[in-house]
Structure formats: C-alpha cells, structure tokens
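The block underneath contains the structure these notes are about, expressed in structure tokens.
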Amino acid sequence: MRTANVILAAGSGTRMKSDLPKVLHPLLGRPMVAWTVEMAEAVGDQQPVLVVGHGKEQVKALLGDRAEFVEQKELLGTGHAVQQAAPVLQGRADAVVVTYGDMPLLRAETVRSLVDLFARERQASVQTALAMLTVVRDDPQGFGRVVRDAQGEVVRIVEEADCTPQQRALRELNPGIYCFDAEWLWQNLGQIPLSAKGEYYLTDMVGMAVEQGRRVVATPAPLDEVNGINTRVHLAEAAQILRYRVLEAHMLAGVTVVDPAATYVDAEVRIGRDSVLLPGVMLEGDTQIGEHAQIGPYSRIVNSRIGSRCRVQNSVVEDTIMEDDCQIGPFGHLRKGAHLGCGVHMGNFGEVKNSYLAPGVKMGHFSYLGDAQVGENVNIGAGTITCNYDGARKHRTVIGEGVFIGSDTLLVAPVEVGEGAKTGAGAVVTHDVPPHTVVVGVPARPMNPKPHTGERSKSA
Ligand code: UD1
Ligand code: CA
C-alpha cells in the first residue's frame, strides 16, 4: 500500500503573538514542523506534502527538499487545505494520512498503527473509507466531538460550535488525524458543504462516508500526543515532553544523565556511551560528544564536536572542535573556530577563538588566544593575551612547538614565536622571536643575546 502524508500548516497561529510563523518556532533546536515531517518520513513511503500559507516562504526555506509544498492561498478550512494536495498526490498513493504542523508530539508508532488499522480494515472490506484516531478527555474544549450510533459505530464528527447540548457533553474527541482511502478521498473531497463559518471542514468526510454506506473505523490515541500547539505555554509544555523523550533515548543508549530535569539536549545531538551529563548542561544544535566524556555541571555546548574522555566544566563551547582527552574549565569559553588537539588542557577563565592548539598545549589560567596557531606542548602562562585586533583588522599569532610563554605576556600580532623560545613575565612581544631565544621586557628583546647553539633548551 503506497502511503502518503499531508501535513496541514497553513494557519496563521495568531495566539503565538509572534513575527515568526507558528510552525517554525523551535523545539529542541528544530522548527516545530520538522518534528511532524520526521514522523511522516517514518510512516509514509514518499516525501510528505506540506500545505503552506502563512509564512510560506520561510517554511519552504527552512525545510528545503524534505517536503513537497502546496500552497493554500485562502484559508478555507481543513477540507480545503487537504484538497490542495490532490494534484500532486492523485495516482501516487493508496492511503493518505492527514496530520498537522503544530502537533509535534505525535509519534510515528501511533500513526503507523493507524495506517495498519486502515490497511487491515480495507483488506477486510473495500467499503472502508477511512480510519481515524480518537481521544477521551475531561476537558473537551475546542475539539470536535465523535458521535457514535447505538451499535457503537462512528457516524460523524460535530464541531464544537455546531454541537447540540447532548453532543457537547460527549467526551470522545477528534484529534484530527486520519488515514483515508486515497481514491475515495479525492472523489469526495470536493463535495464538502460550506459550513456556517464559511469553511470546508475535513471532519465532514466522516459523516459523508457513513451516509454513502462506507465504513469508518476508529482507534484511541495517547492523550499527550495529540495536543496541538496554539500558544507559547503549549510550546513550553511540548518542549518539556520532547526533552524527556530525547534524554530517555540517550540514557537507554548508555549515557548517564544525573538530573534529567536540569539537562537540555537538542534533538540532533549525538552522545557516546558512558558519557556523563551533570546538572545544568545544554547541548545544542549540531553537537557530537564522544565516549566517556564528562560534561558539566553548568555548561553550554553549541554546534561542536567533543572527543572521547573530554571534560567540560562550567564552560561555554561554540562552533568548536575538541579532540580526545581535552579539558576545559571551570569558566572557559571556546568560540567559533577553536580547535583543541588531543589532550589540550585549558583551566579557568580561558578564551580561545579561531585558533588551533596542538596536542599537549597547556593554558591554565586567565588567557585569550585569538587567530593563533599554537604548536605541540606549548605552555601558555597565566594572563597571556594575543592582541589580534588592531582596531581595523585581525592578525595571526604563530607559536612554535615547545614554546614557554611567561605569565602576562602580550603577543602583538602579527607575530611569530619560534620553537623552543621563551618569553619573560610581562613581556610585550611586538617582533618575531627567533627559535630557542628568551625575550623579556617592553617591548620584548632577547635576554643576554648569545650566539645560538642550535641545541634545544632543556627547560622549555
Ligand atoms: C480541527 C478539527 C476538530 C478537531 C481539532 C483538533 C476541523 C474542521 N476540525 O479543529 O474536529 O477536534 O482540529 O485540533 O477539521 N489549517 C490549514 N488550513 C486551513 C485551516 C486549518 O492549514 O484552512 C491547519 C491549521 O494550520 C492547523 C490545523 O489545520 O494546524 C487545524 O486547524 P484549526 O483551524 O486549528 O482547526 P480546529 O478548529 O482546531
Ligand atoms: Ca487547533
């Protein structure tokens, strides 16, 4: 059975009170609608069709080729919205699943079981027109009511505004998720009558099917999956639920999460086995953590790759690569383009931007390296600063292998410190330092200039 998905996302989402289209509000680093698209990818066997209207250009730009877009030019109701997908789906699918871009909690398993139910019932009887989910809840506000006959068969859905007092009291509700027989859907979708509200209700398809002697089957859905998002309060509630789902998957895959209530991991993040997340950790965007790493407490890592056995403590790490066995913090800041080779140690109050630190570099206290290249096993003394910006342009600092930078050294870029060289405490280095030379003072000059022997200083 060829199964297609139609995702309705043309509504304006006024209650979000936002300049951003509702379905693009982020949830765990993904736009809301991307959760539904992912669900649809897992259920259908073809690219989902997204019905867009409000903010369509932004939605298209963000989802790119993950969906096929059809435009609903006028918001004339859910039936009209699905109809916009007819030209692209006719002849391409046997079953059509309808879901919503503002229902990110809906799980693929739930929709798959709906599709399976439809497939079974359709095989049992060609009269089966559709399968739908229903929920029972005490607060029915805003939902369409599911009306059944004396035999318990679903006969129609009545929108709240159109309910009789008895219908209004019904607690079996319509979450709006259906799996339609495609042929029947396309044949009948155009016949929905215009409602008093001036809309074409997709829900009318249920009554139409029954009147034609077709079958409608229903199955219960988990209550917390079908809550649509209309306000930012709903957004926060959904984020909370999704956050636990994501953390649970990591825990089951071997990651220790010490306090799930205080741990925030975006949907796309990957974490290796035996890594530990301490309280107050936020892992965001396209981030990857190796095995046996310890992250936290209180650290934020964004779009970065952290190797195995790394330790990140009370630090902020953005657009960075940390190779295996590195340490940073407490209170370190790695910024865009920082790259720490294996075993680099960065202690408190260090900042690194757009720089490569080769394996074994130590930078223990209060230092800033920007636009620098630092060779293996260099020691960066406390308070070292690369003066990389002259007010107009950025300049590079190159530090050779085995260099010892004394405390409080200022490296005025562009500048190069040759391998095995040393700078004295408080040196202001304005000129290149030859290899194996000791420079001191302001501006820094070679100390006891002696002819260079070519041997490497043992103490470096
Ligand atoms: C709909 C159902 C109702 C159900 C409820 C569950 C209908 C007529 N009613 O009501 O039975 O209980 O959902 O949440 O279907 N949309 C479009 N184009 C439109 C209209 C809507 O794309 O022209 C999209 C909206 O963006 C939204 C979704 O469809 O994501 C639902 O629309 P909404 O107007 O909120 O329907 P409800 O009144 O909630
Ligand atoms: Ca709604």
Side-chain angles (χ1 to χ4, degrees), residues 5-16 18 20-25 31-33 35-37 39-40 48-56 58-59 67 69-86 97-106 130 132-137 139-147 154-163 167-168 170-178 180 185 189 192-208 216 218 220-221 223-231 234-235 238:
N5 282 271
V6 177
I7 301 170
L8 307 192
S12 61
T14 11
R15 281 180 285 167
M16 294 297 279
S18 179
L20 190 67
K22 172 166 84 172
V23 296
L24 296 187
H25 276 257
M32 188 191 297
V33 63
W35 289 88
T36 310
V37 169
M39 180 282 294
V49 176
L50 199 68
V51 181
V52 290
H54 185 84
K56 59 180 191 300
Q58 272 171 284
V59 177
F69 301 95
V70 295
E71 189 184 343
Q72 188 187 17
K73 290 205 171 70
E74 255 186 297
L75 299 191
L76 295 177
T78 46
H80 180 259
V82 173
Q83 205 168 13
Q84 309 311 305
V97 175
V98 176
T99 56
Y100 304 90
D102 60 1
M103 225 183 249
L105 297 173
L106 186 62
L130 69 111
M132 62 179 285
L133 295 177
T134 73
V135 287
V136 174
R137 66 176 227 182
D139 171 21
Q141 223 218 319
F143 281 87
R145 308 297 200 272
V146 177
V147 180
V154 173
V155 290
R156 71 176 162 280
I157 295 164
V158 186
E159 290 306 295
E160 187 164 67
D162 305 326
C163 278
Q167 287 168 341
R168 197 174 290 263
L170 292 170
R171 290 296 175 266
E172 189 180 12
L173 313 173
N174 171 38
I177 295 145
Y178 323 88
F180 288 98
L185 176 69
L189 200 49
I192 297 175
L194 195 62
S195 76
K197 235 179 102 187
E199 289 187 6
Y200 299 96
Y201 291 158
L202 186 60
T203 44
D204 284 351
M205 297 296 280
V206 172
M208 275 166 62
V216 173
L223 198 56
D224 67 346
E225 288 186 32
V226 296
N227 283 327
I229 291 180
N230 295 316
T231 67
H234 300 153
L235 185 72

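Positions are given from 1 along the sequence. Both ligands and their constituent atoms are indexed starting at 1 by order of listing. All figures in this text were calculated on a predicted structure; none of them were measured in a lab.
Results of the side chain to side chain contact (heavy atoms under 4.5 Å, CB included) test with M132 over I177, N174, V98 single out N174 as the only residue that passes.
Listed by chain and residue number, nothing satisfies the ring-ring contact (aromatic ring centres under 6.0 Å, His included) test with Y100 (two or more places apart in sequence, or in another chain).
When heavy-atom distances to ligand 1 are checked against a 4.0 Å cut-off, Q72 comes that close only through its side chain, counted from C-beta outward. Counting heavy atoms under 4.0 Å from ligand 1, residue Y100 touches it through the side chain alone. Counting heavy atoms closer than 4.0 Å to ligand 1, residue V51 contributes nothing at all. Under 4.0 Å from ligand 1, heavy atoms of A10 appear from its side chain as well as its backbone. Residue-level proximity to ligand 1 for E159 is carried by the side chain, the only part with a heavy atom below 4.0 angstrom. With a 4.0 Å cut-off on non-hydrogen atoms, D102 touches ligand 1 through its side chain and not its backbone.
Residue contacts with ligand 1: G11 is placed with a nitrogen or oxygen under 3.5 Å of a nitrogen or oxygen of the ligand (distance criterion only). Note: no N/O pair closer than 3.5 Å links M103 and ligand 1 by distance alone. An N or O contact shorter than 3.5 Å links T78 to ligand 1 by distance. Looking at ligand 1, you'll find an N or O of N174 within less than 3.5 Å of one of its N or O atoms.
Counting only distance, with no hydrogens or angles, the side chain of Q72 and the backbone of G53 share no donor-acceptor pair below 3.5 Å. Looking only at distances, a side-chain donor or acceptor of K22 sits under 3.5 Å from a matching main-chain atom of I229. At distances below 3.5 Å, at least one donor-acceptor pair connects side-chain atoms of R145 with backbone N or O atoms of R168. Side-chain N or O atoms of H234 include one that pairs as donor or acceptor with a backbone N or O of T231 at under 3.5 Å.
Using 4.0 Å as the threshold, G77 has a heavy atom nearer than that to some atom of ligand 1.
Residues T134 and V136 are not in side-chain contact: their nearest non-hydrogen atoms beyond the backbone lie 4.5 Å or more apart. Put simply, the side chain of L235 reaches to within 4.5 Å of the side chain of M16, judged on heavy atoms. L24 is listed as a side-chain neighbour of V59, based on a closest heavy-atom distance under 4.5 Å. L173 has its side chain within reach of R137: a pair of non-hydrogen atoms, C-beta onward, lies under 4.5 Å apart.
Close approach of ligand 1 to F143 (heavy-atom distance below 4.0 Å) involves ligand atoms 6 (C), 12 (O). For ligand 1, the atoms closer than 4.0 angstrom to any heavy atom of L75 are 23 (O). Ligand 1 places these atoms under 4.0 Å from at least one heavy atom of G144: 3 (C), 4 (C), 11 (O), 12 (O). Less than 4.0 angstrom separates some heavy atom of P175 from each of these atoms of ligand 1: 6 (C). Heavy-atom contacts of A9 reach the following atoms of ligand 1: 22 (O) (cutoff under 4.0 Å). Which parts of ligand 1 touch L76 is read off a 4.0 Å heavy-atom cut-off, strictly below it: atoms 23 (O).
Comparing T99, L8, V135 by heavy-atom distance to atom 24 (C) of ligand 1, the nearest is L8.
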Donor-acceptor contacts under 3.5 Å from residues 196-205 side chains, at least two apart:
from	atom 1	to	atom 2	distance (Å)
T203	OG1	E159	OE2	3.4

